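The model shown is predicted, which means the values in this text are computed figures rather than measured ones. So that the names make sense, note that chain A is the first sequence line, chain B the second, and so on, each numbered from 1.
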There are 2 protein chains.
Amino acid sequence: MPYHSGMTTSAAERDLRGAAVRVTKQRVAVLDAVRRHPHADADTIIADVRGELGRVSTQAVYDVLHALDEMGLVRRVAPAGSPARYDPRVGDNHHHLVCRRCGRMVDVDCATGAAPCLEPVAAQGFSVTEAEVIFWGYCPDCQSKGPAPAG
Amino acid sequence: MPYHSGMTTSAAERDLRGAAVRVTKQRVAVLDAVRRHPHADADTIIADVRGELGRVSTQAVYDVLHALDEMGLVRRVAPAGSPARYDPRVGDNHHHLVCRRCGRMVDVDCATGAAPCLEPVAAQGFSVTEAEVIFWGYCPDCQSKGPAPAG
DNA sequence: GCATAAAATGGAATTGTTCCAGTTAACGAA
DNA sequence: TTCGTTAACTGGAACAATTCCATTTTATGC
């Protein structure tokens, strides 16, 4: 029996059908979770999905996150030294601001326009397909608290 | 007995003394290794250092790499989904071009001038200290070979 | 030289993620 | 509506990169 969420077709469900892939309860739940928690890491998503569905394998969540990333419904962001985060905002060219102390991540639109920095002066023969920009700093809450995460 | 490399004082040795830290053979060897292999990962550095010194603990190399990063003698670069790389070029504001297929990394000067993209339009109360820019694409060698790293 | 704190050692542990073989279930066709 | 195919999910084990810990070594200031 094809999966259907219940009363009404959810946005997540429609987006998955639009991508022409199998619509499973795990996929719907993961996509919903990413949208509920923008920039969450895999652990948070796994916990949220388990809260919704009960037992779900870790592997399934990772598989779905990869699949969603590949089909362009979420964007995987991996700041240096921290686990990957998943961003539901896709299709535009925005970047991220990450707090060095607490890891909080927020979106920023690019200063330079729609396709910022996408043209390095000398590409040295590389064909460039994407520019990834991460701004590092301290969030408002952490500016007063000093640099150490366990301080 | 204070460490001294031998005949003459090497550049690495001088740079370490300039940073006012203890100069050990491990530190000299690691700094030299990073300079010999720009953008190498920890494994490569470890192998190189062992080639120079014989037995050296993994931990020592990681410790030294962190220390060098903190004292500003090398720069740690961690492209999404790959082990950290160590860049001997510091003090200027350059970015990186990474091949999605083979992982090759090269330096690029910024298109926008000296401090590119360093001013996001809305910083949302964050104090921004650094902008990290990675351009993703395919290097000359890999452009013909298709996208899979194991193809 | 001597003391002392910093650095290195070696081994085990953690974290985030992936691999694998077997089972389940979504979807298209009949 | 049922059936077959194949993608997706499960559970458990494996993995790679990195870090933690207690102990030993060693560079440096006096």
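- Taking atom CG on B/Leu68 and atom P on C/dA7, their separation rounds to 11 Å, with Å as the unit.
- Put simply, CG on A/Asp63 is 11 Å from C1' on C/dT17, counting in whole angstrom units.
- Between the side chain of A/Arg22 and the base of D/dA8 there is no donor-acceptor pair of N/O atoms closer than 3.5 Å.
- When each of A/Arg22, A/Gln26, A/Glu13 is checked for a side-chain contact (heavy atoms from CB on, under 4.5 Å) with A/Tyr3, only A/Glu13 meets the rule.
- When rounded to the nearest whole Å, the span between CG of B/Leu53 and C1' of C/dT9 equals 14 Å.
- Ion pairing between A/Arg35 and A/Asp87 fails under the 4.0 Å rule for side-chain N and carboxylate O.
- Backbone-only engagement by B/Gln26 is indicated by non-hydrogen atom pairs under 4.0 Å involving sugar-phosphate atoms exclusively.
- In this model, the phosphate group of C/dT9 is not approached by any side-chain N or O of B/Arg55 to a distance below 4.0 Å at OP1 or OP2.
- No side-chain N or O of B/Arg50 forms a donor-acceptor pair with one of B/Ser57 less than 3.5 Å apart.
- Phosphate proximity of D/dT18 to B/Arg76: present, with a side-chain N or O under 4.0 Å from OP1 or OP2.
- A salt bridge does not link B/Arg75 to B/Asp69: none of the charged side-chain nitrogens sits closer than 4.0 Å to a carboxylate oxygen.
- Atom pair B/Leu65:CG and D/dA17:P shows a separation of 14 Å (rounding to whole Å applied).
- Note: B/His94 and B/His96 have perpendicular aromatic rings, judged against thresholds of 30 and 60 degrees for the angle between ring planes.
- Checked against C/dC19, C/dA8, C/dC27, the side chain of A/Gln59 finds its nearest nucleotide in C/dC19.
- The listed nucleotides are C/dC27, C/dT9, C/dA8; the one nearest the side chain of A/Pro2 is C/dC27.
- Between the OH atom of B/Tyr3 and the C1' atom of D/dT25 there is a distance of 16 Å, rounded to whole Å.
- Between B/Ile46 atom CD1 and C/dT9 atom P the separation is 11 Å, expressed in whole Å.
- Rounding to whole angstrom units, CZ of residue A/Arg85 and C1' of C/dT17 are separated by 16 Å.
- Here B/Arg17 reaches the OP1 or OP2 of D/dT28: one of its side-chain N or O atoms lies under 4.0 Å away.
- Across all strands shown, B/Tyr62 has heavy atoms under 4.0 Å from base atoms, whether or not it also approaches the sugar-phosphate.
- Across all strands shown, A/Ala67 has no heavy atoms under 4.0 Å from either base or sugar-phosphate atoms.
- Place B/Asp41 and B/Lys25 on DNA chain D by their nearest nucleotides, and B/Asp41 ends up nearer the 5' end.
- Look at CD on B/Glu70: it is 14 Å from C1' on C/dA6, rounded to the nearest Å.
- Within the 4.0 Å cut-off from OP1 or OP2 of D/dT19, at least one side-chain nitrogen or oxygen of B/His66 is found.
- Comparing A/Ala60 and B/Asp43 along DNA chain D, the residue whose closest nucleotide (by nearest heavy atom) sits nearer the 5' end is A/Ala60.
- Taking side-chain N and O atoms only, A/Thr24 has a distance below 4.0 Å to OP1 or OP2 of D/dC9.
- B/Leu16 places a side-chain heavy atom less than 4.5 Å from the side chain of B/Val28.
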